[in-house]
Amino acid sequence: MDRLICVKTRFVPRFIVISPRAFDAHMTPLFMDCDPVAWEIWGPTHCRSFVLERRHHLFAVGGMRFAWSAAISDTQGTSIQLHLADFNPSAVAHGIGRVIHDPVMTSAFSNDAVTTSLPYVEVVSSQCYPLGCISRIILDEERLLLFTSNGTNTVDLHMMDM
């Protein structure tokens, strides 16, 4: 089972999502005995960078998917929408949803800008949630769990099958 690796920066909510296939393609069984592999060789095609707003950076990683909440402006003021990036090569090949191929330049981990271009399918929920309503996102290969609260002592659980 393939699982994404997700690295988050500490001060700015930037994420680098790394496909496990990067290690299959560029690492040898005796990787301790080999020279380092340059970012230009393995990084751009096996990684994708995301920058999230500091206030709304709830996220989850499960299997080959990455989910996050994002603020939008609508008629009620500011609301939250849920986004899902599916990095499964089969989903990308079949184009189920909006396929993102465009490269992204980032300086998430150093002063040098790097390019990331791992393709993914993006799905944005049609449901909008009030700002501050989403308290947690849990994601696995089969479903997404969304915990919401309306300010009372109750928490609602929304389960979405994939």
Side-chain angles (χ1 to χ4, degrees), residues 1-27 31 37-74 78-110 112-129 131 133-148 157-162:
M1 172 73 48
D2 285 340
R3 294 188 186 278
L4 293 175
I5 298 165
C6 183
V7 180
K8 178 184 179 287
T9 59
R10 184 172 179 181
F11 299 108
V12 178
R14 291 183 183 159
F15 297 84
I16 295 281
V17 174
I18 305 169
S19 169
R21 294 169 189 245
F23 302 102
D24 295 340
H26 299 287
M27 303 298 172
F31 67 91
V37 179
W39 167 265
E40 293 78 18
I41 294 172
W42 73 271
T45 57
H46 291 93
C47 298
R48 175 60 71 165
S49 174
F50 293 90
V51 178
L52 307 183
E53 293 179 41
R54 180 174 294 280
R55 308 177 294 169
H56 314 295
H57 65 278
L58 288 172
F59 69 96
V61 180
M64 293 295 286
R65 296 183 177 112
F66 175 67
W68 70 97
S69 59
I72 59 165
S73 295
D74 58 15
T78 302
S79 296
I80 297 290
Q81 258 185 328
L82 201 59
H83 293 249
L84 178 77
D86 190 342
F87 291 94
N88 185 318
S90 177
V92 172
H94 290 98
I96 304 165
R98 185 175 143 221
V99 180
I100 309 294
H101 289 282
D102 300 334
V104 172
M105 299 267 313
T106 185
S107 57
F109 296 98
S110 71
D112 299 329
V114 295
T115 300
T116 63
S117 59
L118 180 65
Y120 65 95
V121 173
E122 181 181 37
V123 178
V124 179
S125 71
S126 57
Q127 175 73 38
C128 293
Y129 300 91
L131 189 64
C133 171
I134 300 174
S135 58
R136 183 150 189 206
I137 304 169
I138 298 176
L139 181 64
D140 68 14
E141 293 85 4
E142 298 175 8
R143 65 189 58 85
L144 182 141
L145 302 176
L146 186 66
F147 295 85
T148 62
L157 172 63
H158 307 267
M159 184 170 63
M160 300 167 211
D161 291 323
M162 302 291 181

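All values below come from the heavy atoms of this structure, side chains included, with hydrogens, waters and symmetry mates left out.
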Audit row: His101, Val92, side-chain contact (heavy atoms from CB on, under 4.5 Å) steps and yes/no: CA-CA 9 Å; His101 289 282; Val92 172; 4.3 Å; yes
Trace of the side-chain contact (heavy atoms from CB on, under 4.5 Å) decision for Leu58 with Ile80: CA-CA 10 Å; Leu58 288 172; Ile80 297 290; over 6 Å; no
side-chain contact (heavy atoms from CB on, under 4.5 Å) between Ile5 and Val17, intermediate numbers included: CA-CA 6 Å; Ile5 298 165; Val17 174; over 6 Å; no
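For the pair Leu4/Cys6, no side-chain contact is recorded, criterion being any heavy-atom separation below 4.5 Å from C-beta on.
Heavy atoms from other residues, nucleotides or ligands lying under 6.0 Å from NE2 of His94 number 12 at most.
Separation of atoms CG (Leu146) and CG (Leu157) is listed at 8.5 Å; rounding is to 0.5 Å. Note that the CH2 atom of Trp42 and the CD1 atom of Ile18 stand 4.5 Å from one another [nearest 0.5 Å]. For the atom pair His46 NE2 and Ser117 OG, the distance stands at 9.5 Å (nearest 0.5 Å). Note that CG of Asp86 and CZ of Arg65 are 4.5 Å apart. Values are rounded to the nearest 0.5 Å. To the nearest 0.5 Å, atoms CG (Leu82) and OG (Ser125) are separated by 5.0 Å. The line from CG of Leu144 to CD1 of Ile137 is 6.5 Å long, rounded to the nearest 0.5 Å.
Minimum interatomic distance between Phe87 and Pro119 (heavy atoms only, all atoms of both residues): CD2-O, 3.6 Å. Summarising the geometry of Val121 relative to Gly97, their closest heavy-atom pair is CG1-CA, 3.7 Å, with the distance given to 0.1 Å. Arg48 and Ile100 get closest at one heavy-atom pair: NH2-O, 3.8 Å. Here the shortest heavy-atom pairing between Met64 and Arg3 reads SD-N, 4.2 Å. Residues Val104 and Ser49 share a closest heavy-atom pair of CG1-O, 4.3 Å. Nearest heavy-atom pair, Gln81 versus Cys128, reported as atom, atom and distance to 0.1 Å: CG-SG, 3.8 Å.
Using cut-offs of 30° and 60° on the angle between ring planes, the pair Phe59 and Phe66 is tilted.
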